[in-house]
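As the structure is a prediction and not an experimental result, all values here were calculated from the model. We use all heavy atoms of the structure for the numbers below, so side chains are in, but hydrogens, waters and symmetry mates are not.
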2 protein chains.
Amino acid sequence: MLDWEQLAECHKALGDKTRLHILSLLKVEELCVCEIVEVLQITQPAVSQHMRKLKTAKLVRERRSGQWVFYSLDGSIYPFFESIVQTFPDVQHEIEELKKMGLRVLCN
Amino acid sequence: MLDWEQLAECHKALGDKTRLHILSLLKVEELCVCEIVEVLQITQPAVSQHMRKLKTAKLVRERRSGQWVFYSLDGSIYPFFESIVQTFPDVQHEIEELKKMGLRVLCN
DNA sequence: AAGGTATATAAGCATATGATTATATATGAA
DNA sequence: TTCATATATAATCATATGCTTATATACCTT
């Protein structure tokens, strides 16, 4: 079951604008670190550190593919996560932008 | 509508064990500051500061009654708040304890 | 094996957070 | 008004957070 420690950690992970932005992006689709860097315009280590927090909080899962690490939404242990995610702003257009600039990483 | 700033603030407020505990208590019933102090065994200013954060994040509302200020759950602007609250541990027994010790403030 | 790209970790720094003690403010009672 | 109780705010401090730059690790290609 969920204890306070876990619950607090989950919400701490959600308590940052940058991470909310990242989760909003992952709501659209799975992305790798370098793509997130491109959208957010912050440094790669900053993104990696955010991803670690999200992963520790079990809000995302990772999948390695070649040199890339792709992250996607998880949060399955939090019954409420789904409804929180639904309230995130739509950022589809930011990913479209990536595609237009030819910066999407397309591989499996 | 909810913007990232608000969303992050709400989750920041939820990202602390002590505040989760307070919200769990308020889920049972409306309480005043001194009652919360009694249950949590932290100083009164600490509780007051937590209440301010929760109020700023619009997760609780306050009601003054005489020298007491009673807080109760709100969160109505967050459609997901209800489902989060449902996952909080049950702390009814802690309030029962207060009553046994004659420390409930009973007034309207 | 050597070089290139993607990601992670380490170290450093400025700011935020959560607690405490001390003090101010607000309400009620004598 | 004076005193007691409840709450809020201020000042302080230790620790946490989020970012940066520098460096290490992992994987792919040649």
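- Counting heavy atoms from C-beta outward, A/Lys12 and A/Lys53 have side chains that stay 4.5 Å or more apart.
- Spacing between atom CD of B/Glu9 and atom P of C/dA16 amounts to 14 Å, rounded to whole angstrom units.
- One can find a donor-acceptor pair under 3.5 Å joining the base of D/dA8 and the side-chain atoms of B/Gln44.
- Contact check, B/Ser48 against D/dT7: no side-chain N or O comes under 4.0 Å of OP1 or OP2.
- Rounded to an integer number of Å, the gap from B/Gln67 CD to D/dA4 P is 13 Å.
- The nearest whole Å value for the distance from the CH2 atom in A/Trp68 to the C1' atom in D/dT25 is 17 Å.
- Inter-residue side-chain proximity for B/Val60 and B/Leu23 is flagged as met; some heavy-atom pair is nearer than 4.5 Å.
- Across C/dT20, C/dT17, C/dT9, the shortest atom-to-atom separation from the side chain of A/Arg52 is found for C/dT9.
- The distance between atom CZ of B/Arg19 and atom P of C/dA16, rounded to the nearest whole Å, is 15 Å.
- Taking only side-chain nitrogens and oxygens, B/Thr43 never comes nearer than 4.0 Å to OP1 or OP2 of C/dG18.
- Per the geometry, NE2 belonging to A/His50 stands 12 Å off P belonging to D/dT17, to the nearest Å.
- Minimum atom distance to the side chain of B/Cys34 is reached by D/dT7, of the listed C/dT5, D/dT7, C/dT7.
- Listed by first and then second residue, the side chain to side chain donor-acceptor pair (under 3.5 Å) pairs involving residues 75-85 of chain A are A/Asp74-A/Ser76, A/Ser83-B/Ser83 (not counting sequence neighbours).
- Between the CD1 atom of A/Ile42 and the C1' atom of D/dT20 there is a distance of 11 Å, rounded to whole Å.
- Between the P atom of C/dT20 and the CG atom of B/Leu40 lies a distance of 11 Å, rounded to the nearest Å.
- Looking at the side chain of A/Gln49, the nearest of the listed nucleotides D/dT20, D/dT9, C/dA8 is D/dT20.
- For the pair A/Arg64 and D/dA26, the criterion of a side-chain N or O lying under 4.0 Å from OP1 or OP2 is not met.
- When side chains are defined from C-beta on, A/Tyr71 does not count as touching A/Leu54, because their heavy atoms never get closer than 4.5 Å.
- With D/dA8, C/dT17, C/dA6 as the choices, the nucleotide that has an atom nearest any side-chain atom of B/Pro45 turns out to be D/dA8.
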If you apply the rule side chain to side chain contact (heavy atoms under 4.5 Å, CB included), what do you find for A/Ile22 with A/Met51, and how did you get there? CA-CA 9 Å; A/Ile22 291 172; A/Met51 298 325 287; 3.8 Å; yes
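- At the phosphate of C/dA6, neither OP1 nor OP2 sits under 4.0 Å from any side-chain N or O atom of A/Tyr71.
- A/Lys55 comes within 4.0 angstrom of no nucleic acid atom, judged by non-hydrogen atoms across all strands.
- Taking atom CZ of residue B/Phe70 and atom P of nucleotide D/dT7, one finds them 8 Å apart after rounding to whole Å.
- For A/Lys12, whose side chain is taken as the heavy atoms from C-beta onward, the closest listed nucleotide among C/dT20, D/dT17, C/dT7 is D/dT17.
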